Peer 1: 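Starting off with a structure, shown below.
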Amino acid sequence: MQLLRAILTPLVAAAVLATAAPLVQAQNRGDDTLLEMHQAFRKGDRKKLEQLLPAARGHALEPWAAYWELKLRLGEASPAEIQAFLKRYAGTYQEDRLRNDWLLLLGQRRDWSQFAEQHPSYRMSDDKEVRCYALLIDTLKGTAPATAADEVRRNWYAQRDGDDGCTHAAGELYSYKQLTTHDVWRKARLAVEANRVRSARAAVEIVSPESSAQVKELMDSPTKYLQARGKVRQELVTLALIKLAQGDADNAATQLDNKWSVHLSPEERNWVWGVIGKQAAQRLSSDAVTYFGNVTKDSDLTDDLLGWKARAALRAGQWKVVRKTVEAMGDDARRDSTWVYWHAKAVLNGKPSDAERAEARQALESIASPKGFYEQLALEELGQRVVVPPAPAPLTAEEKAAARANPALNRALYAILLGIRGEGVREWNYATNLHTPGGMSERELLAAADFACQREVWDRCINTSERTKTVIDVNQRFPMPFRNTVVERAQGIGLDPAYVYGLIRQESRFIMDARSHVGASGLMQVMPATARWTAKKIGLTGFTPDQISDRDTNITIGTAYLKLALDDFAGSMPLAAAAYNAGPGRPRNWRNGPVLDAAIWAENVPFAETRDYVKKVLANTTNYAALLTGQPQSLRSRLGTVGPRDAASPVANADLP
């Protein structure tokens, strides 16, 4: 409890408890009650929450306790009771969180008058479903902005599940002829691609209610559906081919070529060829280029499909196709550093005019920085190296004091250190990003990050500092906890300490008790079976699985496994990082094919999580190397090339799990 007490100074405690009951107890006395209530909330135990709430009055986390209790019975609570909560906890995350929940409920009930009354007080404004309801109400009132239909469509397309808000708004706007039939069928396609049956059916019901039952049929067995049908809506054929392509791209290509192509519009054919090409690209098949070559109009494809077309072209060395494909993407995608970099490279790999060369250089300059993977590669294309950027001006005592006095930040840290991490992270993010429009200023972000750093809550330290745009505090963004242990252990087994730090930062953000959804634990997110195998491999006697959460043991086993993976992949950092994340079997397959620049190889990793992971670990590593050595660093030198294993080289660790 010392850590918890250290967070709250008497002044801050008073601020935190300003909305609490008059009888204020010591901050740590109700901790057990809060933890018990948290468990009751997760189990949906309304009775227990009601019984325990009085004991939570006066606790620093009372707003959470009250939120949990009311949230579980929100559908039955009276407006007066809800208003009393909003008034009691005014200005807090919990007030805005409950208002968000209530707005969703009012929208589902079609209680537009109460919704319109409450919505102006909603500060977060980050819920797409709530936004769709609000835009629909404005449309009904005749006060909607000219962009309302576009915004509803964009939010609807972005939602994977068939949530009521945007689905209902889309249906209403369709009836008002503000969304087209084509808009709705595109949503159905996106839902089928995402394997979301409910969302696909909800979209089809808007434009063709009599066809909605067929959606489940074609999702369950697209081949059977296509074989059994004679005359059928071309839109449903499109959906069935999309679903078929996900499991058997080659069969879908044959079906499209031999039977269904003439029944579809050019736009529908292009979309289906795009999905078939994407599936082939994710298998790293050379057929992907052929399939994408059947697309006659790139603008018919989504940015996601265009991304896979560009990746397949990169893998095949087709720079003209890369350039053309990126130019067909939407504005947001073209501004992403990934496609800024590859478009510039595609231009420079052609026969650019002086003007094109200058434009490509300008594009690289626009993203060049130490911040991330492509930003670092852009620096190197411009002849520079990654160095430690100049530190921002030191925080003043007043700036630090303001962060320490922020009630929401204090509640968030209290919750995190108490073990209620999910709630603490959400409140912290709200305080830094959403409480005021645009979030905290850069100096406020640095001060909040410093507050988290001082309390060794490293994930909030890093994530908050990463939001600054004009300055970079590398000590906040790339902290080095447990430096002696990590450096000594890494160097002792021949590992670059920067690589170890780069991996830990991505794996756990230095959260000691981190545990993934698949059971990986600790700083280096080690799986129990992997830990047992590694302990045996390195002769760590007496190892038991419960030791994985011990810091030093976790580092010992994690670094040993990383070294074994690195040896297995002949020192390739990208391949070893992929093996650490996805298991060694997958990158052993992914490396087959042409010898590639490792940046192209990494961009073609089929799993989005692993693709992102490899790039971030390598970029982290380069920054940590600059910090540890004080010397300019090269990301490209850590990438090298990736290709098939040399048949003459012995397999280092064939049984690597």
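The structure presented is a predicted model; accordingly, all values stated were derived computationally and were not measured. Count residues from 1 along the sequence.
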Peer 1: Test side-chain contact (heavy atoms from CB on, under 4.5 Å) on Val617 and Tyr499; report intermediate values, then the result.
Peer 2: CA-CA 8 Å; Val617 167; Tyr499 189 37; 4.0 Å; yes
Peer 1: Passes side-chain contact (heavy atoms from CB on, under 4.5 Å), Arg196 versus Leu190? Steps please.
Peer 2: CA-CA 9 Å; Arg196 293 294 194 268; Leu190 292 168; over 6 Å; no
Peer 1: Not counting sequence neighbours, list each pair that qualifies as a ring pair (Phe, Tyr, Trp, His ring centres under 6.0 Å) and has a residue in residues 172-219.
Peer 2: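 Checked against ring pair (Phe, Tyr, Trp, His ring centres under 6.0 Å) - neighbours excluded - no pair reaches residues 172-219.
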Peer 1: Side chains of Arg131 and Asn155 only: does a donor on one sit below 3.5 Å from an acceptor on the other?
Peer 2: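 Not at all, the side chains of Arg131 and Asn155 share no donor-acceptor pair under 3.5 Å.
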Peer 1: Do Leu136 and His168 have side chains that approach each other closer than 4.5 Å (heavy atoms only, starting at C-beta)?
Peer 2: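 The answer is yes; the side chains approach within 4.5 Å.
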Peer 1: Of all the heavy-atom pairs spanning Val130 and Phe115, show the shortest one and how long it is.
Peer 2: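 Distance-wise, the nearest heavy atoms are O-CZ, 3.6 Å.
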Peer 1: Check whether any side-chain heavy atom of Gln376 sits under 4.5 Å from a side-chain heavy atom of Asn623, and report yes or no.
Peer 2: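 A side-chain contact exists here, since the closest heavy-atom pair is under 4.5 Å.
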Peer 1: Test of understanding: with salt bridge (charged side-chain N to carboxylate O under 4.0 Å, His left out), list the residues that count as partners of Glu466, not counting sequence neighbours.
Peer 2: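 Result, salt bridge (charged side-chain N to carboxylate O under 4.0 Å, His left out) vs Glu466: Arg505, Arg509.
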Peer 1: Any idea which heavy atoms bring Asp164 and Glu129 closest together, and the distance?
Peer 2: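 The answer is N-OE2, 3.1 Å.
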Peer 1: Evaluate side-chain contact (heavy atoms from CB on, under 4.5 Å) for Val204 paired with Leu239, printing each intermediate quantity in order.
Peer 2: CA-CA 11 Å; Val204 172; Leu239 297 184; 4.2 Å; yes
Peer 1: Relative to the ring of Trp112, is the ring of Tyr133 parallel (under 30°), tilted (30 to 60°) or perpendicular (over 60°)?
Peer 2: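 Tyr133 and Trp112: tilted rings.
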Peer 1: Hey, can you tell me if Phe607 and Trp590 have their rings parallel, tilted or perpendicular (30° and 60° cut-offs)?
Peer 2: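 Ring orientation of Phe607 relative to Trp590: perpendicular.
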